[in-house]
Amino acid sequence: AATLAAYALMLGDDALVMSHRVSEWTSNAPDLEDDIALSNIALDLLGQARLLLARAAKADASVVPVLPEGSPAPPEDALAYFREAHDFRNVRLAELDNGDFAEATVRVLLFSVWRLATWERLRASSDHVLAAVAVKGVKELAYHRDYAARWFVTLAQGTQESRARLLVAYDALWPLWPELFDTHEVEAAAAEQGFGVDPGGVREAAEAVLDQVLAAADVPRSEAARRVGVLGRTGRDGMHGEPLSRMLAEMQSVARAHPRGQW
Amino acid sequence: AATLAAYALMLGDDALVMSHRVSEWTSNAPDLEDDIALSNIALDLLGQARLLLARAAKADASVVPVLPEGSPAPPEDALAYFREAHDFRNVRLAELDNGDFAEATVRVLLFSVWRLATWERLRASSDHVLAAVAVKGVKELAYHRDYAARWFVTLAQGTQESRARLLVAYDALWPLWPELFDTHEVEAAAAEQGFGVDPGGVREAAEAVLDQVLAAADVPRSEAARRVGVLGRTGRDGMHGEPLSRMLAEMQSVARAHPRGQW
Amino acid sequence: MTLTETAPDELESHFEATIARHDRIEPRDWMPEGYRRTLVRQIAQHAHSEIIGMQPEGSWITRAPSLRRKAILLAKVQDEAGHGLYLYSAAETLGVSRLELTELLLAGKQKYSSIFNYPTLSYADVGTIGWLVDGAAICNQVPLCRTSYGPYGRAMIRVCKEESFHQRQGYELLTTMVRGTDEQRAMVQESVDRFWWPALMMFGPPDADSPNTAQSMAWGIKRNTNDELRQKFVDMSVPQAEALGVTLPDPELVWNAERGHHDFGQPDWEEFMQGVKGNGPCNAQRMAHRRRAHEDGAWVREAATAYAARQASA
Amino acid sequence: MTLTETAPDELESHFEATIARHDRIEPRDWMPEGYRRTLVRQIAQHAHSEIIGMQPEGSWITRAPSLRRKAILLAKVQDEAGHGLYLYSAAETLGVSRLELTELLLAGKQKYSSIFNYPTLSYADVGTIGWLVDGAAICNQVPLCRTSYGPYGRAMIRVCKEESFHQRQGYELLTTMVRGTDEQRAMVQESVDRFWWPALMMFGPPDADSPNTAQSMAWGIKRNTNDELRQKFVDMSVPQAEALGVTLPDPELVWNAERGHHDFGQPDWEEFMQGVKGNGPCNAQRMAHRRRAHEDGAWVREAATAYAARQASA
């Protein structure tokens, strides 16, 4: 149960943090259609996060932070609003500060290609909740991927400026791609126990998809090297970058100011 | 004593909030000398804020938020870190999100010209603490004003771009200038009781100084209209803009996460 | 029969007859230039209001205090973008593009609702905006579902349906908050104190000071006067405030049994006019945000155009 | 006697004699090109480190949990800017401008200390950086006060004085925090766990893998080997860690009575090399920050230049 909870938290934190970053685009996108599309992506991921955090709490109540007596916050909110940065288990790709629209395009593309490759297998999870989340999520992620892939190609083939920006964003994010496929011991155990997916096993499938997009965009595979962690630890180990604690300071400010609040 | 506390809070909050905004320039200024100068301004204002918040707390302990039992936070920190945005009494000019360096120049200029005009009189305060703070502060503020005035003239007379940016910043901030000279009832009472200064009485002196800078820069007085408040209320009434609550979310995040912490 | 074969006065009487029958004017129909201009102005202002209106609430998406509320808020702000989209499309049937209208907004030549120049200062504002601001908008907009211009009326039907959903969500947030802590109840009351008067201003100046109302009503663009709608809103809100346990900040607010309506005080019309002139608390901030987003997106829109052109010619 | 009158070998022997006497080389003195190049590289790297080093701690200025700590931190980061200033000035005596050096940094052609590519993740890091990172810097830098190049040595004297003040402040923050709550003690330990190994890396690779050390020592630019300094730092830090009540995360760390020193483990030199190559956790972020600040300031610097030119010609 501890492994299931830890595994569900990883998947949930990925979605929660990525959703937050994407939601920052609301009212800031290049056009109304994109504002709507990005809000949609943020909403889908938020929905995934809620189900996964709830699953984690149900699997092992000890992962849920203890709130002041009388707090009516449900477990999903206790987990989202009352953990510190080092308790979060998301991959570092999700947490970076937002850049320009090219950055958003590449980030959503990498994130959803990876997540989709994993979740296609997660549909066969022995945990019925995870399996159900994955069945629904796969459809959502396919939409996210297609949206980002379309923009990836458009920007790459649009103007000189858009291509230049896209390439900068691609090279800037590529160093975080290998981390997505590292197998954390929790993930290994989850795969072993039949309810999780070893991300190491889906790299080939994910890269095959990505290569199609790169080919359509006429963009060569980046040669940027992997970004190392701190003492070998990365996002899955709770070792994050500076942007996450800043993001959480904002995200958690109202909830923490009113730990007994009803919302 | 309640009036003295309320008055000291106004002056203290102006300094605290303005210091915070100026401190955001650290490691972001156009050149090392300016990085150092802006940090200096932030430090001076922070020093003023600490003395004034402490004075407020001493004059009337009831203004200090009650912290969880066992919290060792001194009154200055209770006031800085555990009040909500609507408890702050700073003028709105201080709280705006930072813009470019022209915005910083104009903001520091307007703020310090106004504050200096007030504080020159505050040196004669019947409250010995306020008088002493003012004596020291006047020297600091004169430095801030001179620094900003020098850049105001340089940008106005530098390149086409710098002049254009300066004028944009000046027109953007001018609407908040009249608010600085509104006489709040606390200020009226403080002046009446001999320890405070009625800002309405220093407008002429402040504008005479500003006019000299404008003349040296060959910049005409802005015609931008006053920015109104909400239902007639502005910063001194605790009615702020959206940036303040966001700023406080960041500023207060660590202190609030550890209300019993020792720092 | 083509247009060129029809005499102008015949076209005009056909238009007048359609209006008189409370039928809809459609894009293909002839219409007087004044009617068209008034409509473009009104629809554009309405569309701009949706887009600018994303900011005050959007500012709290990243701080929503529960994941459920975050989802609700995100979806609501997204709906506002959607409303903007329908409305710009309705305006486009009158021959003006979304880009043109956006540029008129950014140049300060078209307006948006002044209510969005008030700041949002606590999470309670998300609820209050839903309850009072969306509530007032609905009062204004429901009659517009029967407006004489077809595309506008049909857009309004969709908009109104979603707005009343938003209004219920906002009210529900407030009812939840007042069941919470003392601080939360105080937060709700403070928020209502701040938004009550600006909400009343949303119906526009008193009829006596509203010179365009008569023509708009004659053309069937507008169906009720400002004061009629304001009265309706007040009558509707008083029992809702009671149910919520908050006080509306108007000492003159009292039931008038004779009129069968509430009497109430006047908002500060001078503050209203300052907001209209651009001097409200957040005008500069809202416009700067919109301008920045528009400018930051320029290279993306150009890339899309270039890519589409290349695809078309390939 | 002017330079042209002096034979090259005479200049060289004069230089060698000055070094041998442990006297200072001054900007007016002849020096071998290799010496100059080595110095420029070292001083520039040191200056860049001060400037980039403003970021990890600067990131907490806006979140410092007490006003006193905020003032201390702000002043410290300001001092780092000041150190950058002295050091760029020292480099300028060798004929390279601050702007040139900055552009070499931004182009990735000059380095800064890899320690600043580690993220700061809690307020305890502000204390740990003071204690361990400034502590290691001082070990490295104190001998540089006696370096053979005069302007560099004098800059280092000022820098070292301030650094040891910073070190005491950092350590004092940690001693305060460990007297606080359990969470604070855990925060301190976690921070020390993260920074201990990177601090050891600050002395550079083991002597066996440090090909430039011998020449730098012969020229009197460097006064001790990497391993000597690292040993000194470990010996100094162990009792400080004990006094603080934190554990240093090295199971091999043990007192060796025979050597009169502590034995200790080796840091992960592969991670170190990745950091040097630009693949550390924050390299991209640090460079992007510096580049943005530099580019954002370009119009200001241009304005200052244009204004100065106008004043000069007036």
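Values below: every heavy atom of this structure, side chains too, minus hydrogens, waters and symmetry copies. So you know, we letter chains A, B, ... as the sequences are listed, proteins then strands, and number each from 1.
Checked against the 6.0 Å centroid criterion, the rings of B:Trp151 and B:Phe101 qualify as a close aromatic pair.
For B:Arg226, the part sitting under 4.5 Å from any heavy atom of chain C is the backbone (N, CA, C, O) and nothing else. Within the 4.5 angstrom heavy-atom criterion, only side-chain atoms of C:Pro198, from C-beta onward, approach chain B. Heavy-atom distances place no part of C:Glu270 under 4.5 Å from chain B, backbone and side chain included. With a threshold of 4.5 angstrom between heavy atoms, B:His240 approaches chain C through N, CA, C or O but not through any side-chain atom. Contact annotation for B:Arg92: only side-chain heavy atoms (C-beta onward) come within less than 4.5 Å of a heavy atom of chain C.
Residue with the most contacts toward chain B among C:Thr62, C:Asp193, C:Thr120: C:Thr120 (heavy-atom pairs, distance under 4.5 Å). Chosen from B:Leu96, B:Val228, B:Leu244, B:Leu176, the residue pairing most often with chain C at heavy-atom distances under 4.5 Å is B:Val228.
Relative ring orientation between B:Trp177 and B:Trp174 is described as parallel, the plane-to-plane angle staying below 30° on a 0-90° scale split at 30° and 60°.
Between C:Arg286 and B:Glu242, at least one side-chain nitrogen of the basic residue sits less than 4.0 Å from a carboxylate oxygen of the acidic one, meeting the salt-bridge criterion. A salt bridge does not link B:Arg89 to B:Asp237: none of the charged side-chain nitrogens sits closer than 4.0 Å to a carboxylate oxygen.
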### Task
Before giving the answer on salt bridge (charged side-chain N to carboxylate O under 4.0 Å, His left out), spell out for B:Arg256 and B:Glu84 the whole-Å C-alpha distance, their side-chain angles and the decisive distance to 0.1 Å.
CA-CA 12 Å; B:Arg256 288 191 175 210; B:Glu84 301 293 322; 3.3 Å; yes
#### Entry: Step-by-step ring-ring contact (aromatic ring centres under 6.0 Å, His included) determination, C:Trp196 to C:Phe233
CA-CA 11 Å; C:Trp196 174 250; C:Phe233 173 72; 5.8 Å; yes
